[in-house]
There are 2 protein chains.
Amino acid sequence: MKLSTRGNYGLRAVYELTRHYGQGPLTIRQISERQNIPLKYLEQLLHRLKKSGIIESVRGPTGGYALADDPANFSVGDILRVLEGPLHLSGCIRSHDSDHCLRHERCISNILWSEIEKKFAEVLDDISLTDLTKLDGNQKAKLMIR
Amino acid sequence: MKLSTRGNYGLRAVYELTRHYGQGPLTIRQISERQNIPLKYLEQLLHRLKKSGIIESVRGPTGGYALADDPANFSVGDILRVLEGPLHLSGCIRSHDSDHCLRHERCISNILWSEIEKKFAEVLDDISLTDLTKLDGNQKAKLMIR
DNA sequence: AATATACCTGACTGAAATAGTCAAGTATAA
DNA sequence: TTATACTTGACTATTTCAGTCAGGTATATT
């Protein structure tokens with residue numbers, strides 16, 4: 001059970017955009033260098049984030065990427081859903097609405113996983129991008145007491 | 001971001017053992033048939049669960065597998081940690097103690113992920129195997145109000 | 001003692017996802 | 001015009017997953 005690098009990289013990229021919010025766009029190269037992310041790989045991630053409306057791009061020289069809205073309005077969950085797909089942990093192996101599922105009261109999967117997914121989503125959606133900038137140094141207390 | 005079938009299958013297997021707790025061992029075949037899990041694949045999962053002390057085996061005819069302790073003493077997290085590896089979502093891509101990490105105050109990964117992992121673990125460890133047997137029918141309320 | 005039934009072990013494999021790379025575009029501010 | 005940016009799609013090596021296969025060892029029953 002682990003996240004791919006996409007979520008990790010993407011979150012770090014968005015973190016840079018959050019720090020730079022309101023100060024114009026950052027280029028892919030700048031983000032790549034500051035967070036040590038392979039440039040061409042980062043392109044893919046930023047494209048997906050743009051398509052989903054989390055970031056905007058400005059073309060041409062002096063262009064780059066910027067958050068599409070205030071950092072406080074985006075959560076860690078928003079970013080991960082875009083890059084990692086839905087937070088769907090696991091479900092019934094068989095198709096959800098099959099007769100087998102309905103007849104078989106022993107199949108515990110659906111109820112259990114949907115409950116767990118719900119709680120996981122709560123955790124991730126409770127952390128905003130603004131919160132990330134408060135993780136530096138000793139200020140991480142804010143996140144911990146929740 | 002998704003769990004493998006191992007966690008799903010394994011949890012369903014343990015669920016059968018929980019229902020049968022105190023009534024002697026269940027054979028691999030019985031578990032396999034009741035939860036529709038490939039028999040030889042199930043063997044692997046049960047072996048890992050045994051090695052980690054969650055279940056016990058009895059050899060010979062009339063033998064099989066049984067929980068090693070009261071179901072209330074095991075959590076969903078215990079099972080998943082064995083079958084899915086540690087709930088380690090992601091960390092710094094680079095080695096944890098490298099100079100790079102220490103010098104680079106922009107690296108947000110470690111603090112963030114460790115906090116999220118901690119909360120995920122709380123969710124999973126808060127659900128005991130006994131709770132699973134209460135998921136049937138309308139009795140799922142117990143899990144939901146937590 | 002034989003044997004059927006169980007557990008135990010390791011090697012193997014097809015399919016899919018990851019983690020990137022490579023090449024060639026299109027748009028636009030200077 | 002052109003340098004710099006974003007955009008798109010195809011490609012690939014590696015790893016993990018999900019499951020199979022073949023055989024081995026232990027033991028309660030007969």
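Chain A is the first sequence line, chain B the second, and so forth, proteins listed ahead of strands; every chain is numbered from 1. Only this structure's heavy atoms are used, side chains among them; waters, hydrogens and symmetry mates stay out. Note that this is a predicted model, so its numbers are computed, not measured.
Nucleotide D:dT16 holds its P atom 14 Å from the CD atom of B:E84, rounded to whole Å. When the P atom of D:dA5 is taken as reference, atom CD of A:E56 falls 19 Å away, rounded to whole Å. Nucleotide C:dA6 holds its P atom 12 Å from the CD1 atom of B:I31, rounded to whole Å. Straight-line distance from the CG atom of A:L45 to the P atom of D:dT7: 13 Å, rounded to whole Å. We find that CG of B:L42 is positioned 12 Å from C1' of D:dG19, with the value rounded to whole Å. Distance, B:R6 CZ to D:dT16 P: 10 Å, rounded to whole Å. Distance CD (A:E33) to P (D:dA5): 10 Å, rounded to an integer number of Å. Rounding to whole angstrom units, NZ of residue A:K51 and P of D:dT7 are separated by 11 Å.
Between A:Y41 and the phosphate of C:dC22, there is no side-chain N or O to OP1/OP2 separation shorter than 4.0 Å. Between B:Y9 and D:dG19 there is a side-chain polar atom (N or O) within less than 4.0 angstrom of OP1 or OP2. Regarding contacts with the backbone of C:dT9, a side-chain N or O of B:H47 is found under 4.0 angstrom from either OP1 or OP2. The phosphate of C:dA29 (OP1 or OP2) has no side-chain N or O of A:T62 nearer than 4.0 angstrom. Between B:S57 and C:dC7 there is no side-chain N or O to OP1 or OP2 distance below 4.0 Å.
If you check every strand for non-hydrogen atoms under 4.0 Å, B:L46 touches nothing.
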Could you go through the salt bridge (Lys or Arg N to Asp or Glu O under 4.0 Å) check for B:D125 and B:K118 one step at a time? CA-CA 10 Å; B:D125 285 331; B:K118 203 180 299 176; over 6 Å; no

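Among the nucleotides D:dT7, D:dA18, D:dA5, the one closest to any side-chain atom of A:K50 is D:dT7. You'll find that the side chain of B:P61 is closest to C:dT5, out of C:dT5, D:dC6, C:dT21. For B:K40, whose side chain is taken as the heavy atoms from C-beta onward, the closest listed nucleotide among C:dC22, D:dA18, D:dG23 is D:dG23.
Salt-bridge check for B:E43 with B:K40: passed, with a basic side-chain N closer than 4.0 Å to an acidic carboxylate O.
Both B:L26 and B:Q44 lie close to DNA chain C; mapped to their nearest nucleotides by heavy-atom distance, the more 5′-ward contact belongs to B:L26. Mapped onto DNA chain C by nearest heavy atom, A:G60 and A:P38 fall at different nucleotides, with A:P38 at the one closer to the 5' end.
With B:I31 as reference, B:L26 is the one residue of B:L45, B:L26, B:L39 to meet the side chain to side chain contact (heavy atoms under 4.5 Å, CB included) rule.
Donor-acceptor pairing under 3.5 Å, judged by distance alone, is absent between the side chain of B:R59 and the base of C:dT5. For B:E43 and C:dC8, a side-chain-to-base donor-acceptor distance below 3.5 Å is present, hydrogens and geometry of angles not being considered.
Of the N and O atoms on the side chains of A:S75 and A:D78, at least one donor lies less than 3.5 Å from an acceptor on the other residue.
Contact between A:A13 and A:L46 at its shortest, heavy atoms only, is CB-CD2, 4.4 Å.
Between B:Y41 and B:Y9, the two ring planes are perpendicular [angle over 60°; tilted spans 30° to 60°].
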